Each structure stands twice: as C-alpha cells, then as structure tokens.
Amino acid sequence: ISFTNCLKSQTYISADPYYLFNYELGQFNGQLNYHSTAMRPFYNNNSKKLMVRYTNEFYYNNNASNQENMDLRYIGKGFGAFTSLMISGYSKYFAFNIEPYSLNDNYKSFNIYQRPNPYTYLNDTKTEIKNGVGLRKADIYLHYNGLGFGIAKENMWWGPGIQGSFSMTNNTTGFKNYMLGTIRELKWKNIGLLGRYTFSELNNKTGYEATYFTSLTAQLTFYSEQIISFGFSRNYLTGGVDVGVPWTKEDAQKIVFEGVFIKNLQQLDYTIAGHDPWDQTISLWTDIMFPRNKMKMYLEIGFNDNRFNFWDFIVHPDHAMGSIIGFRKYGLFNYDDLIFGFEYANLIKGRHHIFRGTPNWFDRIHYDDFSYENRRWGAHSGSDSDDLLIFIGIMNKKLSFIPSINFERHGVSTYRPPEIKMEYKIDFRYKMKSLEFGFLYENQFEAHLGFPPDQYFIDEITGKRRTNTFIIKLYKQLY
C-alpha cells in the first residue's frame, strides 16, 4: 500500500499540512482526483464511508519548544509521547470525525526570554500542557451533497501555503466553532466551489467581556489545462472591550457582512468616526497548478487595517499588507522522485509607518495578539516578521526523504537587531503495507532572543540558543 493509496482510502483530510506533498503528488500522477487543498479539513466522497486510524508519536527535545503547526502536541524539554485514534465517516446526509488522544511527558523547565507585546506568543512560549486523555478533534455535520452545517472542535487551514497562512493554520489547539458551508469541493462542469462561514465564542465570559471569532472564507477553482483558484478570507475578533454600547453574540455573527471602508462605518454606534477596537484581517490568494509539469505556484496577500475609501486603497495599496509566495515542483529535472520548493512569508511592518499609523500583524493585546492557548492560529512567525522555507528531497509511493532550511526573523523593523532563527530539518517517511514509519530531526539555532541591543557589527551576539528535536512517528490505518 502506497502513501497515495492510503490517502485515497481516507474519508477525512485534516488541516495538518503533513500529507500535503503526498496529496498533491497523487493528484499529479492521476492516482487521486483533483480537489483543492487550500481549505482544510475536507471530506472525500469515495466508496469508503468509514476510516479508523491509529497514531503514535515519541518526542525528545533538549531545549525550548519551538515546533510549528503542531496543534495541541506541545513539545517541551525532555521526553514526551502522543497516542490517538481517529474515526471518521461520510454518508449522504451525515459526516463526522472524532479523535481521542493521550499525551504524556516528563518535560523540564528551560530558560524563557522575556519579550514585549506583541512578541510574547511565539512558538517557544509555554502552553498549558494537555497531559492525560482528551479530544484532539470532534466534529459532526449534517449535509446534502457536501453542503451543510455543523459544530466542530478541530484545526482549520485557509490558504495555499504549507508553512503558514494569514487567516488560519493548525499552529494552535483547535477551538470549538459553528460552521455553515461546504465540507468538500462542490463541482459544476469545470468549476469548483469551497466556502464556509465560521463562528466561535473564544471564552466563557458574558457581556462586553465575551470574545468572538467570525469568519467568511471561500474559493473558486477553474479546471482546465491549468487549474486556477481564487480565494479570500475575512476574519474578525470582536468583544472583550467596552465600547459604550452593548455588543452581543448576534452582533458578532453579522460583522463579516458589514462594509469594508471606514466611510461606510461612521454611523455605526460601536465606532468612533468609523474606527473600532476590533481586529480584522482580510486575505486574498491565488494558486495555479500545472498538471503536465507537476508544479504549483501560489500567492497570498493579506491586509490588517481598513481603508477610508477606495481611493485610499489606490493611493497606498501596500499599506498594512503582508504577502506569502511560493511554489512546489514535483519531478524536478524530469526525475520523477525529486521534489523542490520554497515559501516566503513577509509580515514586516509596512514602509508607510514612518508617516502613517500602521498596525502590526496580530497586535491586539486584548485578544492575546491573535492567539489561542498561547499559540497564534495565523502565521506562526508573528508580528513584524518574515519566514523563508526551502526544501528539496526524494519522494515516491513508498518513501520520502526531504531536508529543508528555514530562516525566520522577528521584530525586523522594530528592533536592531531582530531575533533570528535558523532551522535545519530532515523529514523521513517509509510506508510498509498499512503501517507508516516517520522520523523527523530538527537542529535549530537562535540569536538576539529578547531583543538585546547587541553591537553585532563588532561580533557581539547574545541571546543565543541551540535546540535539537527528535520525533518518531508510527501510523497505522486500521480500517
């Protein structure tokens, strides 16, 4: 049984980008039907209606935690183990996924560098370790031909990238949410549609202290010789601040449908001249797949500040803007097993900040800077940052060996010098019948942690840290 056959038999494709390479390669090789992977999770409408999958992972880490896109699987200093059993099903009117887990560790304390906001929620921040038994995922949907509604506690991913996204990733624990929309791609002739409205109550408080997350996300895909997708996601964090008038759950549920420009919001009673204390992000993306060349190129652009009117956007279209660009190429140099790609995320504060107020990405202290349980659900590099990933390796139906390099900076335009992180990774996987073995090694070097005023041009480099991480993974599809 190959990686692709295993994916083909799965009823549920999770938000985790762990299998994204395998899924795309299976599509290019004609073993899987084309289905956009930019909005996950989604369900497969195949002949298999039930899936049972067992996961066992073992961790060793000799310093601070800093793994990205690991949902609730926090890896501290020391040994840890994660075990889960995922059961998912899909039928004509009903779909579900549930994954109970067990997490155990003997993690020890490590040096924590103090940072100012909004840099306190990077991935070396300690989280509430969820030892014992719990639910990693639990969702249930009523639908007809893939269109429906439901309730879920799971991770989501919105965007074409593999390292990050502006709107939603699996970098933190999945939170409870209500959803209305598609649970798989709906196709009509050569057009595919994905879309979902998402609403969540992020705390248990009432009145103005209650905090809400509201999102509207959709994508259109045009299938032809090249497969072209266009998507968007509008996200709001509201509540948690006394604006002088009541702010209710019903108000939060409707906010993604309000006007985009400030001039259209000036008469609303919760704004001051059209401005509010809420946090809004909008991202737009496009990706192009070249089936003959086995290549995918993509671009995501995000904005985290309103414009007064359309002309304000024309004058400064790059105000408070971030970008993610990348490509993935399978069969490099006509060698079927060779894969190569890169991704670069730029969240550095805009150049107009010297004369125009420019908010940082994910910078609202009353919303814990766009984080949930001490991890951001957007791009993990965070505010005023950039993040470069380059990978090249070998991948076929039985095994994959993919080394990569990741270079990340924090506080790029705010501090001199910024924090830096250089990470070298080896990701090895081998498939044997229904059993999959994985081994991941990371060697990470960081410097200028905590933003010390280092005179680096005379070789003064402090705030240094080196971390080695080993992860062994065992997966078995039981049914």
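What you see is a predicted model, and the numbers here were worked out from it, not measured in a lab. The analysis underlying the following values was restricted to heavy atoms, covering all of them including side chains, and did not include hydrogens, waters or symmetry mates.
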Practice task
List for me each residue that meets salt bridge (Lys or Arg N to Asp or Glu O under 4.0 Å) alongside Arg73, sequence neighbours excluded, and say none if there are none.
Solution key: Asp16, Glu57, Asp71

Exercise for the section: Mind checking side chain to side chain donor-acceptor pair (under 3.5 Å) for Ser84 and listing every partner two or more places apart, or none if nothing turns up? Expected result: Glu99

Handout entry: Residues forming a side chain to side chain donor-acceptor pair (under 3.5 Å) with Trp247, sequence neighbours excluded
Key = Thr238

Completion exercise
ring pair (Phe, Tyr, Trp, His ring centres under 6.0 Å) filter on Phe439, not counting sequence neighbours, yields none

Handout entry: Contacts of Phe428 that satisfy ring pair (Phe, Tyr, Trp, His ring centres under 6.0 Å) - sequence neighbours left out
Key = none

Practice task
For Lys153, check side chain to side chain donor-acceptor pair (under 3.5 Å) against everything at least two apart and list the hits.
Solution key: none

Completion exercise
salt bridge (Lys or Arg N to Asp or Glu O under 4.0 Å) filter on Glu408, not counting sequence neighbours, yields Lys421

Handout entry: Arg115: side chain to side chain donor-acceptor pair (under 3.5 Å) partners, not counting sequence neighbours
Key = Asp124, Glu419

Handout entry: By ring pair (Phe, Tyr, Trp, His ring centres under 6.0 Å) - contacts of Phe199 (at least two apart)
Key = Tyr212

Problem - Contacts of Lys425 that satisfy salt bridge (Lys or Arg N to Asp or Glu O under 4.0 Å) - sequence neighbours left out - result: Glu68, Glu442

Show me, pair by pair, the donor-acceptor contacts under 3.5 angstrom made by side chains of residues 284-293, not counting sequence neighbours?
{"from": "Trp285", "atom 1": "NE1", "to": "Gln219", "atom 2": "OE1", "distance (Å)": "2.8"}
{"from": "Thr286", "atom 1": "OG1", "to": "Ser229", "atom 2": "O", "distance (Å)": "2.9"}

Problem - Residues that Tyr12 engages under ring pair (Phe, Tyr, Trp, His ring centres under 6.0 Å), provided they are two or more places apart - result: Tyr43

